[in-house]
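Numbered from 1 within each chain, the chains take letters A, B, ... in sequence-line order.
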There are 2 protein chains.
Amino acid sequence: MQKQQLLTKNQKIIFDIIEKSPEPLKAYTILFNVQKKGIKAPLQVYRALDKLVEIGKIHKIESRNAFIACHNSSCQVAKATAFSICEICEKVTEISSAGLSKYLANFKDKDGMKYSKYNLEFFGLCKKCR
Amino acid sequence: MQKQQLLTKNQKIIFDIIEKSPEPLKAYTILFNVQKKGIKAPLQVYRALDKLVEIGKIHKIESRNAFIACHNSSCQVAKATAFSICEICEKVTEISSAGLSKYLANFKDKDGMKYSKYNLEFFGLCKKCR
DNA sequence: AGTAAATTGTTATAATATAACACTATGTAA
DNA sequence: TTACATAGTGTTATATTATAACAATTTACT
């Protein structure tokens, strides 16, 4: 929880709005929402996003170009991420399954190669949408 | 192999260039490379790409906004995809592991929910790059 | 031939993301 | 406390990725 203190002004503003959002936010949605706080340009947003992703406070949902706060306390760095995405309502949930992360962290390809990092996105219908 | 016959002119042009490429191609790279064949506008490329993804002839590498031909004969539909990506040379390889696909196809989240579709991207360094 | 569905061609524009440069703040080490 | 390195900021411009809208054409099927 010390990490929060290390955020700079812009990073904190961007992180706060993402953390409060029930759904992943897109960069320009964030921009529009923080213009009243003095953040005027896309780059200011993207730079904060890059940093936040780097330190694992948020994750990028690649298939949606959107950002979500990390809800997995064990995930300090954006190294191993898994999400479920509802194809109707677009609800995104971070999956934290010890079994899954163990399986993937230990996965070796045909050449016996192991990977340090992965991102997994599951698609389907959430409870409400089926 | 019948599927190839079903491709339309544009789809075939786009697919051919992707299939021949040793690396994933971006939409505008494709566009520049097919302009001599009469494809002039981004939409012509994106429409073909959409269709090719839909029928599973190609896959989109979400983290790279690039497209690669499917090299997995069993994967007729773009439902279950896994790739390894080298963070230095950007080499992308489609992973076909029966174990992995079985594990993911059967994965259930905390609510017992199963997912019909997934995309997994592993990151690391390829043999040549380490 | 008639018709529905898919595909195409085209122009314009939206949405996502980075380059480049000058400046400011912060930490740290002499 | 000055010097220096590193990271962050503000700004303008631009690059990259992707879709809207509409008319015309092709295709498969009856």
If you check the [X] side chain, which of [options] turns out closest?
{"X": "A:Asn65", "options": "C:dA17, C:dT8, D:dT9", "value": "C:dA17"}
{"X": "A:Tyr46", "options": "C:dA17, D:dT19, C:dT10", "value": "C:dA17"}
{"X": "A:Gln44", "options": "C:dT16, C:dT10, D:dG10", "value": "D:dG10"}
{"X": "A:Lys9", "options": "D:dT19, D:dG10, D:dT17", "value": "D:dG10"}
{"X": "B:Arg47", "options": "C:dT7, D:dC22, C:dT16", "value": "D:dC22"}
{"X": "A:Tyr28", "options": "C:dT16, C:dT7, C:dT18", "value": "C:dT16"}
{"X": "A:Leu43", "options": "C:dT7, D:dT17, D:dT11", "value": "D:dT11"}
{"X": "A:Ala41", "options": "D:dT17, C:dT7, D:dT11", "value": "D:dT11"}

For C:dA6, does OP1 or OP2 lie under 4.0 Å from any side-chain N or O of B:Thr8?
-> no

Ignoring backbone atoms, test whether A:Lys60 places a side-chain nitrogen or oxygen under 4.0 Å from the OP1 or OP2 oxygen of C:dA17.
-> yes

Of A:Arg64 and B:Gly38, the one whose nearest nucleotide on DNA chain C sits closer to the 5' end is B:Gly38

Between B:Lys40 and A:Ala27, who's closer to the 5' end of DNA chain C by nearest nucleotide?
-> B:Lys40

Expressed as a whole number of angstroms, how long is the span from [X]:[atom1] to [N]:[atom2]?
{"X": "B:Leu49", "N": "C:dT8", "atom1": "CG", "atom2": "P", "result": "12 Å"}
{"X": "B:Phe67", "N": "D:dT17", "atom1": "CZ", "atom2": "C1'", "result": "9 Å"}
{"X": "B:Leu7", "N": "C:dA6", "atom1": "CG", "atom2": "P", "result": "16 Å"}
{"X": "B:Phe15", "N": "C:dT7", "atom1": "CZ", "atom2": "P", "result": "16 Å"}
{"X": "B:Lys12", "N": "D:dT27", "atom1": "NZ", "atom2": "P", "result": "11 Å"}
{"X": "A:Gln35", "N": "D:dT11", "atom1": "CD", "atom2": "P", "result": "12 Å"}
{"X": "A:Leu31", "N": "C:dA14", "atom1": "CG", "atom2": "P", "result": "16 Å"}
{"X": "B:Ile13", "N": "C:dT7", "atom1": "CD1", "atom2": "P", "result": "15 Å"}

Could you tell me whether the side chain of [X] and the main chain of [Y] form a donor-acceptor pair under 3.5 Å?
{"X": "A:Glu121", "Y": "A:Ile85", "value": "no"}
{"X": "B:Gln44", "Y": "B:Ile39", "value": "no"}
{"X": "B:Glu87", "Y": "B:Phe123", "value": "no"}
{"X": "A:Lys51", "Y": "A:Leu7", "value": "no"}

Assign the ring pair A:Phe107 / B:Phe122 to parallel, tilted or perpendicular, where the plane angle (0 to 90°) is split at 30° and 60°.
-> parallel

DNA chain D: A:Lys51 or A:Pro42, which has the more 5' nearest nucleotide?
-> A:Lys51

Please answer: with hydrophobic residues joined when any side-chain heavy atoms are less than 4.5 Å apart, are B:Leu49 and B:Ile61 in the same cluster?
-> no

